[in-house]
Amino acid sequence: MPRVLAVSDEIVAGLWTAEVRRHDVDLVLAAGDLPFDYLEFLSDALDRPCVFVPGNHDADLSGYVHSSGLWTRDGLPVRYPGPAGAVNADGRVVDVAGLRIAGLGGSIRYNGGPNQWTERQMARRSRRVRRRARLRGLRDGRPVDVLLTHSPPRGCGDRDDPPHRGFACLHDAVRVLRPGLLVHGHIHPHGEPVPDRDIGGTRVVNTVGYRILDIPEGRHAA
């Protein structure tokens with residue numbers, strides 16, 4: 001059962017020190033809106049891989065291609081602005097640390113900034129991720145273990161103000177992918193308790209700040 005350190009949105013001072021090594025984890029999962037050097041520190045200090053999706057306050061990482069040790073964008077060599085060594089799962093399905101992770105970063109569109117999507121755009125992105133997960137599953141029979149998002153599903157711990165509304169289409173993603181866990185950020189609790197929620201057997205976790213999570217592998221495997 002892999003154990004992960006899940007983080008998002010708020011820096012936890014105690015994690016940005018050597019004290020983080022007291023956490024025995026297999027993976028760092030980051031749900032967006034954290035400094036990239038913070039993610040690099042966590043991954044380096046723990047000597048564990050980091051998988052992330054960008055939040056609405058993160059840089060636009062679309063279009064960057066890594067090949068033969070070189071980052072390019074539009075065919076030109078560039079300096080990659082994302083966290084060094086981390087795996088960007090946004091719009092992808094990745095296998096890391098024994099887990100299959102599907103990623104959908106960003107928030108609802110509210111001011112035209114980077115990593116913001118209309119409901120229709122996110123629904124289109126979600127369908128692409130679902131197709132990729134299905135093709136992976138047809139090849140090896142493995143299900144998605146974790147759906148990693150920045151925003152929550154609509155009506156599942158989100159807010160009514162425009163920037164913090166969740167995506168209705170994530171309910172369809174959960175229904176089709178049937179992950180054991182959905183990890184999101186974006187919704188700051190401001191000291192309020194944040195209970196985990198459930199969508200059809202999928203545990204939904206708000207990881208603003210940090211959580212330590214044990215994740216069963218292959219919960220829906222045949």
Side-chain angles (χ1 to χ4, degrees), residues 2-23 25-62 64 66 71 79-92 94 96-97 99 101-111 113-117 122 146-153 157-159 163-167 170 181-192 194 196 204-213 215:
R3 171 168 285 191
V4 306
L5 169 64
V7 295
S8 78
D9 291 85
E10 297 177 4
I11 294 170
V12 178
L15 295 182
W16 213 340
T17 71
E19 287 298 308
V20 71
R21 296 192 179 97
R22 67 186 175 87
H23 296 293
V25 299
D26 302 292
L27 174 68
V28 178
L29 279 181
D33 282 355
L34 284 170
F36 291 150
D37 55 347
Y38 180 68
L39 302 185
E40 291 171 4
F41 173 84
L42 295 177
S43 183
D44 290 345
L46 293 166
D47 193 25
R48 293 293 184 266
C50 175
V51 176
F52 76 100
V53 293
N56 53 297
H57 295 298
D58 287 325
D60 180 6
L61 300 179
S62 62
Y64 288 88
H66 188 253
W71 283 100
R79 180 183 179 278
Y80 179 58
V87 177
N88 184 356
D90 188 26
R92 302 173 60 203
V94 300
V96 181
L99 294 171
I101 302 161
L104 286 166
S107 76
I108 199 78
R109 182 174 292 278
Y110 62 94
N111 68 2
N115 307 314
Q116 296 179 23
W117 310 97
M122 183 60 89
V146 181
L147 177 56
L148 178 64
T149 68
H150 180 60
S151 294
D158 60 346
R159 301 288 188 261
H164 294 103
R165 285 188 293 114
F167 287 105
L170 291 180
L181 189 69
L182 186 155
V183 174
H184 72 86
H186 193 51
I187 308 302
H188 297 255
H190 300 298
E192 298 178 7
V194 181
D196 293 349
V204 179
V205 175
N206 182 337
T207 189
V208 170
Y210 84 100
R211 295 281 299 272
I212 302 294
L213 303 168
I215 304 178

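Computation of the quantities below employed the complete heavy-atom set of this structure, encompassing side-chain atoms and omitting hydrogens, waters and symmetry-equivalent molecules.
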### Summary
When rounded to the nearest 0.5 Å, the distance separating CD of E10 from OH of Y210 is 13.0 Å
### Query
For A6 and T207, which heavy atoms make the closest approach, and how far apart are they?
O-OG1, 2.8 Å
### Task
Apply side-chain contact (heavy atoms from CB on, under 4.5 Å) to the pair L182 and V205, showing each step before the final yes or no.
CA-CA 6 Å; L182 186 155; V205 175; over 6 Å; no
### Closest non-hydrogen atom pair between G185 and N206, with its separation
CA-OD1, 4.3 Å
### Under 3.5 Å donor-acceptor, S107 side chain and Q116 backbone
no
### Query
Any side-chain heavy atom of W117 within less than 4.5 Å of one from I108?
no
### Summary
Scanning both residues in full, the closest heavy-atom pair of L99 with P2 reads CD2-CG, 3.8 Å
### Task
Please tell me if the side chains of V204 and V183 come closer than 4.5 Å, counting only heavy atoms from C-beta onward.
no
Which atom pairs, donor and acceptor, lie under 3.5 Å between side-chain atoms of residues 25-33 and protein residues at least two apart or in another chain?
from	atom 1	to	atom 2	distance (Å)
D26	OD2	R3	N	2.8
D33	OD1	N56	N	3.3
D33	OD1	H57	N	2.7
D33	OD2	H150	NE2	3.2

### Plane angle bin for F41 and W16 - parallel if under 30°, tilted between 30 and 60°, otherwise perpendicular
tilted
### Message
R92: which residues meet the salt bridge (Lys or Arg N to Asp or Glu O under 4.0 Å) condition with it, sequence neighbours left out?
### Response
none
### Query
Is a side-chain donor or acceptor of N115 paired with a backbone partner of G106 at a separation under 3.5 angstrom?
no
### Message
Under the rule for salt bridge (Lys or Arg N to Asp or Glu O under 4.0 Å), what residues qualify as partners of D9, not counting sequence neighbours?
### Response
none
### Query
What pairs with Y110 under ring-ring contact (aromatic ring centres under 6.0 Å, His included), at least two apart in sequence or on another chain?
none
### Query
Should the ring pair H164 and H188 be called parallel, tilted or perpendicular, given that the plane angle runs from 0 to 90° and is split at 30 and 60?
perpendicular
### Query
With no hydrogens and no angle check, is any side-chain donor or acceptor of Y38 less than 3.5 Å from a backbone partner on V12?
yes
### Message
Minimum heavy-atom separation for S8 and H186, please, with both atom names.
### Response
OG-N, 4.4 Å
### Query
Got V87 and F52 here, is their nearest side-chain heavy-atom distance under 4.5 Å?
no
### Query
Under the 3.5 angstrom rule, does the side chain of E40 hit a backbone N or O of A84 as a donor-acceptor pair?
yes
#### Entry: Residues that D60 engages under salt bridge (Lys or Arg N to Asp or Glu O under 4.0 Å), provided they are two or more places apart
R73
### Query
With side chains defined as the heavy atoms from C-beta onward, is the minimum distance between L181 and L147 less than 4.5 Å?
no
### Query
Would you say the side chain of T149 lies within less than 4.5 Å of the side chain of L170, judging by non-hydrogen atoms?
yes
### Task
With the side chain counted from C-beta on, respond yes when S151 and D158 share a heavy-atom pair under 4.5 Å apart, and no when they do not.
no
### Message
Strictly distance-based, threshold 3.5 Å: is any side-chain N or O of R159 a donor or acceptor partner for the main-chain N or O of G157?
### Response
yes
### Query
Considering residues, nucleotides and ligands other than E19, do more than 12 of their heavy atoms fall under 6.0 Å from its CD?
no
### Query
Is the closest side-chain heavy-atom distance between L61 and P81 below 4.5 Å?
yes
### Query
Looking at residues at least two apart in the chain, or sitting in another chain, which of them share a side chain to side chain contact (heavy atoms under 4.5 Å, CB included) with A89?
V51, V53, V94
### Query
Do the non-hydrogen side-chain atoms of P114 and D58 ever get within less than 4.5 Å of each other?
no
